[in-house]
Structures are given as C-alpha cells and as structure tokens.
Amino acid sequence: MRGMTGEAIAGHGHEDGGACLNCGTTRVGDYCHACGQSGHIHRSMSAIGHDLAHGVFHFEGRALRTLPMLATRPGELTRRYIAGERARFVSPMALFLFIVFVLFTLLSILGAHLEAPALDGATAQQARIQMEQSLARNAAQTSTLATQRAAATDPAEIARLDGKLRELAAETRATQLAMTTADPSGWRKLGELKTGWKRLDKGLAKAVENPNLILYKLQSNAYKFAWALIPLSLPFMWLMFPFSRRFGMYDHAVFVTYSLCFMLLLVLAVSLFAQLPVGSGLYGLVITVAIIAAPIHMYKQLRGAYGCGRIGAFLRTLLLFVISTWVITVFTLLLVGLGLVG
C-alpha cells in the first residue's frame with residue numbers, strides 16, 4: 001500500500017513531514033495539505049466510536065455550538081452558516097437526517113403510535129365493525145398467500161410472497177392495536193374527495209375506512225421521505241421574498257432545514273416526555289409550551305436570518321404557519337397517492 005510505514009502498522013503513524021498515508025503527498029505539519037488527512041493514525045477500538053461520531057454527526061464541538069444556537073439564536077445560526085462559517089456548525093442537512101433517524105427510531109422502540117380520537121356509543125360500535133371486517137379480509141388474504149407460499153418453488157416468488165405476508169402481519173397488528181377509530185362522519189368528506197388520481201382516491205377511501213391504520217403506516221414510512229419536505233417548502237419560501245436579489249434558493253433551503261430540525265426536536269422532546277409517569281395536566285402544559293415555542297422560533301429565525309423588521313417578521317410568521325400546513329398536507333397526500341401509506 002502506497003506510503004504505508006512500519007510505524008503506521010504498529011499503531012499511530014505520526015511522522016512530521018512524512019508521506020501522507022492516504023494520497024502519498026509529503027506532509028507539511030500534522031495534516032496533509034492535499035487531502036486533509038491527519039498524520040496521526042489511530043488503530044484502537046475506541047477510535048471506531050470516535051470515527052463513527054465524527055463521520056456521522058461531527059460531534060466534536062460542532063454539535064455543542066449548533067444545538068444551543070438552533071434553540072436560542074436560530075436566525076444568527078442560519079445567517080452565519082450561509083455567510084460561510086461551515087466548519088463551526090453541523091450542516092443543516094446532516095443535522096436534519098440525524099434527528100429524523102433518532103426520532104423515528106425512538107418512536108419505534110417506545111411503541112408510540114399516532115391514533116385518531118376515540119369514540120363512544122353507536123358510532124364507536126360501527127367503527128369497531130369496520131375494523132373487524134378489515135381484520136377478516138387480512139386473515140383471508142394471509143391464508144391465500146400462505147397457500148401460494150407453500151406451493152411456490154421460484155426463489156423470487158417466495159421472496160415476494162414473504163414480503164406480502166410481512167406487510168399483512170404488520171397491518172393486522174396495527175388494526176388490533178387500534179380497535180377504536182375516528183368518527184367516520186369526520187372522515188366522510190375526505191372519502192368523497194375525487195382527485196382523478198386513482199391511487200390517491202383509493203388511499204383516501206382506505207383512510208375513511210381505517211384512519212388509525214393510515215396514521216400507523218404514515219408514521220412508519222414518513223421518515224424515509226421526510227427530506228421531501230425541504231423541496232416542497234422552497235417555492236413557498238421564495239414567495240415570501242419574491243424577486244429578492246439578497247436571498248436565493250440556497251438561503252431558503254438552509255432556513256427551512258434548520259427550522260425543520262427544531263420542529264422535529266420539539267416532537268422528540270414531547271414524545272419522550274409522554275413516556276414519563278406524569279398527569280394529563282402537566283402533559284397538556286408541555287404540549288402547549290411546544291405549540292407556543294414553534295411560532296416564536298419561526299419569528300426569531302426570520303428576523304435573524306433575513307433581517308426582517310418586527311412587523312414584517314410577524315406577518316411572515318403567520319404566512320409560514322399557513323405554508324407549513326399546506327406542505328404537510330401535500331406531503332401526506334403524496335405518500336398516500338404513491339401507495340406508501342395506503
């Protein structure tokens with residue numbers, strides 16, 4: 001291997017002015033000026049954890065600078081990152097992907113699932129009948145697929161049938177856990193909506209029949225496509241500063257991504273707090289604080305990142321709330337239409 005020395009193999013390979021073990025360039029100092037690799041090469045088990053933390057999230061100092069600023073001075077963080085202070089902070093996309101991963105991993109571990117409001121009386125009984133019918137259909141489909149699986153010989157067909165069986169099993173578990181469902185009358189208007197997109201219309205019909213199942217599948221799959229919230233938001237952000245020469249789409253992308261990071265951290269904090277043995281009153285207070293914190297954060301980020309005045313930032317914060325609702329709605333409809341949660 002080019003540039004590999006006996007000292008490096010022994011464990012550390014630190015040789016001032018020696019050849020870089022990565023690209024072979026003669027180093028000047030502790031780091032290679034060509035590729036940036038350190039001349040000090042670790043070969044220990046502790047180095048694996050160090051490399052993982054550094055490579056995935058750049059924990060070394062960056063997170064400790066980024067997260068407090070994201071919470072208290074989001075506008076300054078956004079402005080400084082756009083201006084070029086990249087080495088000091090975790091990049092917005094890296095932070096976003098990491099938080100999404102942590103959030104949905106914890107939700108899966110904790111078994112926290114979105115549920116539609118519970119019912120009582122005759123409406124609840126009607127909803128229960130629909131859930132039982134859905135379970136019966138799943139049982140029939142499972143039996144049919146199991147018979148086909150037993151007779152199949154082609155490996156590709158066996159793998160396909162196994163996947164279908166796993167999907168049906170997941171749907172059955174979700175339905176069993178959600179035997180109460182949202183008021184069908186509240187979902188009926190959604191079911192009557194006809195968009196002309198057959199897959200979307202079919203997904204909306206399923207949402208009317210079994211909203212808790214749709215919520216479960218949305219939670220299970222949304223994290224894979226959460227990044228789509230960023231490009232969906234950019235046209236709306238452009239409309240807030242139309243034809244501006246000061247701010248481009250890159251600036252808006254950084255703003256949106258950091259803003260989404262904070263909102264996801266709020267969801268993560270509330271989800272973790274919900275696991276504590278606290279009363280409903282205290283839990284309701286925490287949710288109220290989170291709801292209030294969201295627009296305050298948007299306002300501060302708008303003022304700091306774009307230099308808006310108080311009135312301009314306030315009006316844009318209101319508009320941003322409307323935009324957020326539209327974006328989440330479009331995002332959900334796309335997932336349903338693509339068959340990812342239908």
Side-chain angles (χ1 to χ4, degrees), residues 103-105 107-226 228 271 328-342:
L103 173 62
F104 286 95
T105 298
L107 290 179
S108 299
I109 294 173
L110 297 173
H113 299 299
L114 299 171
E115 290 189 6
L119 300 175
D120 52 21
T123 307
Q125 181 62 28
Q126 180 182 0
R128 186 176 185 86
I129 291 173
Q130 292 178 345
M131 303 298 295
E132 290 173 348
Q133 291 174 346
S134 178
L135 288 174
R137 286 195 297 270
N138 279 2
Q141 293 178 21
T142 299
S143 177
T144 301
L145 289 174
T147 301
Q148 296 175 356
R149 169 66 173 80
T153 57
D154 181 48
E157 179 66 11
I158 292 174
R160 186 187 70 82
L161 292 172
D162 286 341
K164 290 286 187 180
L165 287 169
R166 286 193 296 269
E167 182 179 351
L168 280 173
E171 291 184 8
T172 299
R173 288 194 299 270
T175 305
Q176 290 170 340
L177 290 172
M179 289 301 287
T180 56
T181 186
D183 186 352
S185 63
W187 291 78
R188 191 169 294 121
K189 293 182 180 180
L190 183 63
E192 294 172 354
L193 178 64
K194 300 300 179 184
T195 65
W197 186 2
K198 292 183 179 179
R199 296 183 68 175
L200 177 56
D201 293 340
K202 182 180 178 181
L204 293 176
K206 286 186 177 182
V208 173
E209 177 184 350
N210 191 347
N212 270 323
L213 178 58
I214 295 298
L215 289 174
Y216 169 80
K217 296 183 73 174
L218 178 62
Q219 180 178 311
S220 300
N221 291 280
Y223 77 96
K224 303 173 186 176
F225 305 93
S271 300
I328 293 174
T329 301
V330 171
F331 176 72
T332 304
L333 290 176
L334 283 175
L335 292 182
V336 174
L338 293 173
L340 299 172
V341 298

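- Applying the side chain to side chain donor-acceptor pair (under 3.5 Å) test to pairs two or more places apart or on separate chains, those with a residue in residues 148-163 are R149-D162, E157-R160.
- When every heavy atom of L165 is checked against every heavy atom of A146, the shortest pair comes out as CD2-N, 4.1 Å.
- Of the inter-residue distances, the one linking T147 atom OG1 with L161 atom CG reads 10.5 Å to the nearest 0.5 angstrom.
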